[in-house]
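Taking it in order: structure first as structure tokens, then the write-up.
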Amino acid sequence: MPEVLGPVGGRQSGERTVRGVSASPDVVIIGAGMVGAACASYAARAGLTVTVVDRGPIVAGSTGAGEGNILVSDKEPGPELELALLSQRLWTELGEELDPASFELEPKGGLVVAETLDGLRSLYDLAIVQGARGVRTMAVDAESLPHYEPHLAPDLAGGVHYPQDLQVQPMLAAACLLRDARAHGAQVRTGVEVTGARRDSNGRLAALLTNVGPIPTESVVNATGTWGGEVSARLGAPVPVLPRRGFVLVTEPLPRLIRHKVYAAEYVANVASSEEGLETSAVVEGTDSGTVLIGASRERVGFDRTLSVPVLQRLAAQATRLFPMLASVSAIRAYRGFRPYCPDHLPVIGADPRVPGVYHACGHEGAGIGLSAATGHLIAAALAGKEPEIAVSAFSPLRFVEEAA
Amino acid sequence: MSTFWFDGHEVPFRPGATIGAALLASGIRSWRTTRGQGRPRGVFCGIGVCFDCLATVDGRPNQRACLTPARDGMDVRSQEGTGHGEFAG
Amino acid sequence: MASSPVDVCVVGAGPAGLTAAVAAATAGRTVALVDAGARPGGQFWRHSPAGIEADRALHHDFVKYRQLETGLARFVQTGQIRLLTRHQVWTIERGARFTVRALKAGEYERTVDAAALVLAPGAYDRQVPLPGWELPGVYTAGGAQALLKEHGVLVGARVLVAGTGPFLLSVAAGLAQRGARVVGVYEANTGLGWLHHRSLRAVVRNFGKLSEGIHYAGTFARHRVWYHPRSTIVAAHGDTEVRAATVARLTRHGAVVPGSERRIEVDAIAVGWGFTPQLELPVALGTRTEVDADGSEIVLVGDWQQSSTPGVFVAGEATGVGGAALARVEGEIAGYAAAWYVNVDHESASFHPRSRRAERRLSWLRKRRLTLRAFAAAMHRAHPVPPSWLDQLQPDTLVCRCEEVSVERLRTAADDLGVTDARLAKLLTRTGMGWCQGRVCGYATACLVARFAGTGYDPRGLTERPLAVPVPLGVLAHGAAPAVPADESWRGE
Ligand SMILES: Cc1cc2nc3c(=O)[nH]c(=O)nc-3n(C[C@H](O)[C@H](O)[C@H](O)COP(=O)(O)OP(=O)(O)OC[C@H]3O[C@@H](n4cnc5c(N)ncnc54)[C@H](O)[C@@H]3O)c2cc1C
Ligand SMILES: Cc1cc2nc3c(=O)[nH]c(=O)nc-3n(C[C@H](O)[C@H](O)[C@H](O)COP(=O)(O)OP(=O)(O)OC[C@H]3O[C@@H](n4cnc5c(N)ncnc54)[C@H](O)[C@@H]3O)c2cc1C
Ligand code: FES
């Protein structure tokens, strides 16, 4: 049962406010997923009074239904790669400050492999342009692959090693950052659903409307992931965020057999693609607990939660193609999540001039865990009126408005 | 009476017996250690629900002894941790 | 490998499923009956391979089983029922029809295409953690019973039986009859107290429970088994296997009476706190569920045993733990309902819904179901899990046996990380994430989270298991074209 707080007490205007929420926080962050947690932590550290609200318990959304890779390897040069590089640095810092073991932060590195020489050539091409942007890459030929991953199929063409790729346990990471935010004075209120916003006569945000009463505040961060579209509309500043379903297969616990995050070259193409239909590519990684996680599929089927056997079959086939020894290993669990995607596959980060006081931090698609640290950092800077560390215009909420116009 | 091998010892079984039942009937109560604390485990639920009774059967690790029928000459082994020791390295 | 389509696929061949399959076949439908076990009968009718006759003493309702077995054999002979034993269903797909996917001995997959489903997956023993419960030699009460009934294996020479519910009596009596020294039956509630309850007496008399009780009393007296109402086990002791147990008396509110603890030497313990319905298949098909009087999540069904998902009928323990007699009644109704749901010409069948025979039979079944459900509800009220176990836990007592998650870990997650429900506990502590997928620790996790976080008890959130059983990736990868041995017959083994 989420912790539902009843409305109590009267305010000057005769309004009722929400018990347990400080009378008028500097900022209310909507969504207690990975992105909301990172925003809360950075904002609270910056000295703002922060309240996080979520309609469910914490980690109720995609953060509890995905994986925890923090990748630079799968990003083509552009604004998202810059965001990823910043995030990579910030995650390393967070690990040092908060104890990396508390959320299983592991600098495991990524290994992208190609089945054919053609595939390998395009991998190398990508690595070269990524390298120019500061991504560390290492070409790996077929003979050297076993040094990285002894259990890989013997007939692969080669690959690229990305030492900067990290991994976290995303649910723990979100919970730890929320705890960190609380340690810096933030409040976390679960069971509070945002239903709308009230503006003052100048059109500025004045209060957030919720199922348990209004919360007066001047700033609000929409960190509701896949529900960001719906919530942004309720706030009067709509941005287009839609679900892209993904399944993950979880194996029985194994000894440490797979050391890196290993994925097939087509993954990069699928991440960037806008196909409606099903796309799958092998993504295989070991975890601290011994299980191996197998992804990744992408489909646009709304919020349909039914298990898709054909998808699982393809994931299993692709994973056993990369690691033949997995054929005798059992999957003991499967789950699905919904990546929050925008039409141009970039997240929405920053102030929305249409409703002064509204900020967005959503639509991170398949990279919300990785990109959350940088997103939180940028949002905290924006709230405090500081210069952003990297250029943010590509993430502007207005880009969709302009397109439509 | 038919027998199977358990860690190199012969274990007799009645026709239709599961590996778990035969081991218990021979006074063997645990055949696996956990991967965290290395604690011994054997049959608990007896009906395939708890997965405590895992054993390596004819080279396949993590088979539920309480469900797997015993067969003559079968090679049953106790196992440690994940049961996949042979992969390590 | 796909097999020729059937009208009705019944999953589970316990009292509920077996009855359902025979009923659906009686109503003229083709049926596939799929069960993980080596033989039909479920958890109730277990018998040694030598045959049920040999173990007659351990079985009530022997005649009922014989009738069903004969019915089944006849329909299997004519090919109207296809019996698939040793097949574990890992998932069911829903389209215009249903595709039931089963693993044969974990080695390959076989699919059954059906127009309607009867799900009768039964239940397993409900457990709560206690210090030492992970020691070899501690068994679930049902496990001890199954080993005895099916394999003639005694779990120990000095056995303590503990928990709650009338099932403990049957376990203790069986053990004593077969020569174990039962050092006591520790029933946390007032035990046979319900026999004195006037409104129940009639019900009880109707269904032979009273005579069962008297039968046990006789057995206990002959074997000098002491029955201790309002008493419980608080810990199991031993180094690498169980050597002793501590028992204690309970107050009326289910707390341990201080100073009443007593240590007893044993070499085995059988514990049971009622049963937990096996819900993953119905839940994966989207059926609505609710929380029953005993705290278990169950599938909500209507008058025809229909679930909220069209074409999916559910019977037996999955709709509320109520015992084998209720399971049979529900199974029969579900079998007819599924048969009639399949849209073929009723009127030509000898047993169609509007026939006098069917009407009479159904009205009798419904009446009986009502009484048996009332009886089950009364039993749930008379046998709650007392809160004492929560107070007896040590910081290092394991909650999740698979992932070895301790009580302390759960408490910290609640205090520190904001865990407020069972699902979150799973995501942040790994309780329920191991091989058994929370089947054993689910109930306890929900209770502990409620206590530590100060939230309400809610068992849901841990019953979602899209893979009902582990599936080898190699088998999954083969997809729709697995290597099924050509000589595999439809008839099971
Ligand atoms: C299969 C899969 C694999 C993935 N793998 C990775 C990976 O390896 N690396 C990576 O970086 N990313 C990965 N992702 C993507 C990642 O999971 C998401 O991008 C990320 O979790 C988004 O986090 P979030 O905080 O924005 O949203 P969420 O975690 O979804 O949180 C949003 C929160 O908002 C709340 N909310 C919604 N509406 C309201 C309302 N009206 N009022 C109050 N609260 C509301 C919800 O309850 C929820 O808790 C994966 C995703 C999937 C599906
Ligand atoms: C271990 C144990 C022992 C018991 N012993 C007794 C006893 O001696 N006396 C008594 O009165 N009550 C006993 N019970 C209580 C029992 O729950 C009921 O009395 C009765 O058996 C319920 O009938 P059912 O048809 O609903 O379920 P069950 O008899 O449990 O039958 C369910 C069947 O479904 C099958 N099944 C479940 N999931 C799948 C799947 N995914 N794929 C394929 N098959 C599946 C199972 O193998 C099982 O055979 C016992 C319970 C347990 C757990
Ligand atoms: S004893 Fe529980 S699965 Fe075998």
Side-chain angles (χ1 to χ4, degrees), chain A residues 1-4 32 56-60 63-65 102-103 169-172 174-176 178-179 182 188 190-191 247 249-253 288-292 294 305-310 312-321 323-336, chain C residues 90-95 99 101 103 106 109 111 284-286 402-403 413 415-430 432-438 449-450 453-458 460-461 464-482:
Chain A
M1 267 295 282
E3 192 184 345
V4 181
I58 64 168
V59 196
T63 300
S102 64
F103 50 94
Q169 203 274 33
M171 296 77 86
L172 280 175
C176 286
L178 285 170
R179 180 177 59 188
R182 292 206 315 267
V188 180
T190 53
F247 282 99
L249 278 168
V250 187
T251 69
E252 60 184 275
D288 220 35
S289 55
T291 54
V292 169
I294 296 168
R305 291 175 56 80
T306 27
L307 186 82
S308 165
V309 174
L312 299 190
Q313 287 170 337
R314 273 168 69 169
L315 293 181
Q318 291 171 336
T320 51
R321 161 80 186 96
F323 290 100
M325 56 62 175
L326 286 177
S328 64
V329 165
S330 288
I332 62 172
R333 188 165 74 247
Y335 59 85
R336 93 304 279 141
Chain C
W90 69 271
T91 192
I92 301 174
E93 292 168 281
R94 186 160 83 97
T99 307
R101 295 180 171 270
L103 290 173
E109 188 189 56
T111 59
L285 285 163
C402 299
E403 295 298 290
D415 290 351
D416 217 34
L417 293 178
V419 164
T420 47
D421 62 20
R423 187 197 71 102
L424 206 45
K426 173 174 163 179
L427 296 181
L428 297 182
T429 69
R430 299 198 55 77
M433 282 270 199
W435 272 105
C436 92
Q437 289 290 296
V449 167
T455 49
Y457 163 80
D458 189 350
R460 285 168 290 195
E464 203 191 19
R465 298 180 193 102
L467 306 185
V469 292
V471 190
L473 288 167
V475 174
L476 192 53
H478 270 105

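Every heavy atom of this structure was used, including side-chain atoms; hydrogens, water molecules and symmetry mates were not. In what follows, every chain begins at residue 1, and chains take the letters A, B, ... in the order their sequences are listed.
- Both the backbone and the side chain of C:Leu417 come within less than 4.5 Å of a heavy atom of chain A.
- Ranked by heavy-atom pairs under 4.5 Å with chain C, the first of A:Pro310, A:Pro324, A:Cys176, A:Ala60 is A:Ala60.
- Checking side-chain atoms of A:Gln169 against main-chain N and O of C:Leu427 turns up a donor-acceptor pair under 3.5 Å.
- Side chain to side chain, A:Thr306 and C:Arg94 fail the donor-acceptor criterion of an N or O pair below 3.5 Å.
- Put simply, OG1 on A:Thr251 and CG on C:Leu473 are 7.0 Å apart, with the number rounded to the nearest 0.5 Å.
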Query raised in the report: Would C:Met433 and A:Ser289 satisfy side chain to side chain contact (heavy atoms under 4.5 Å, CB included), going step by step from the backbone distance to the final call?
Result: CA-CA 10 Å; C:Met433 282 270 199; A:Ser289 55; over 6 Å; no

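- A:Leu178 does not touch chain C: none of its heavy atoms, backbone or side chain, sits under 4.5 Å away.
- Here the OG1 atom belonging to A:Thr190 is positioned 9.0 Å from the CG atom belonging to C:Asp421, to the nearest 0.5 angstrom.
- Looking only at side-chain heavy atoms (C-beta outward), C:Glu464 and A:Arg305 come within less than 4.5 Å of each other.
- Side-chain contact between C:Thr91 and A:Leu312 is absent, with no heavy-atom pair separated by less than 4.5 Å.
- Under the 4.5 Å side-chain criterion, counting only non-hydrogen atoms from C-beta, C:Thr99 is not in contact with A:Val309.
- For chain C, no part of A:Ser308 is nearby; none of its heavy atoms comes within less than 4.5 Å.
- With a 4.5 angstrom heavy-atom cutoff, A:Ala174 does not touch chain C via any of its atoms.
- The two residues A:Ser330 and C:Pro470 make their nearest non-hydrogen contact at CB-CB, 3.9 Å.
- Interface remark: A:Leu249 contributes side-chain atoms only to the contact with chain C (heavy atom separation under 4.5 Å).
- You'll find the side chain of A:Asp288 stays beyond 4.5 Å of the side chain of C:Arg430, heavy atoms only.
- Looking only at side-chain heavy atoms (C-beta outward), A:Ile332 and C:Leu467 stay at 4.5 Å or farther from each other.
- Residue C:Arg465 does not touch chain A at all, counting heavy-atom pairs closer than 4.5 Å.
- Here the closest non-hydrogen pair linking A:Pro57 and C:Leu424 is CB-CD2, 4.0 Å.
- Here the CZ-CG distance, from A:Arg182 to C:Asp416, works out to 7.0 Å after rounding to the nearest 0.5 Å.
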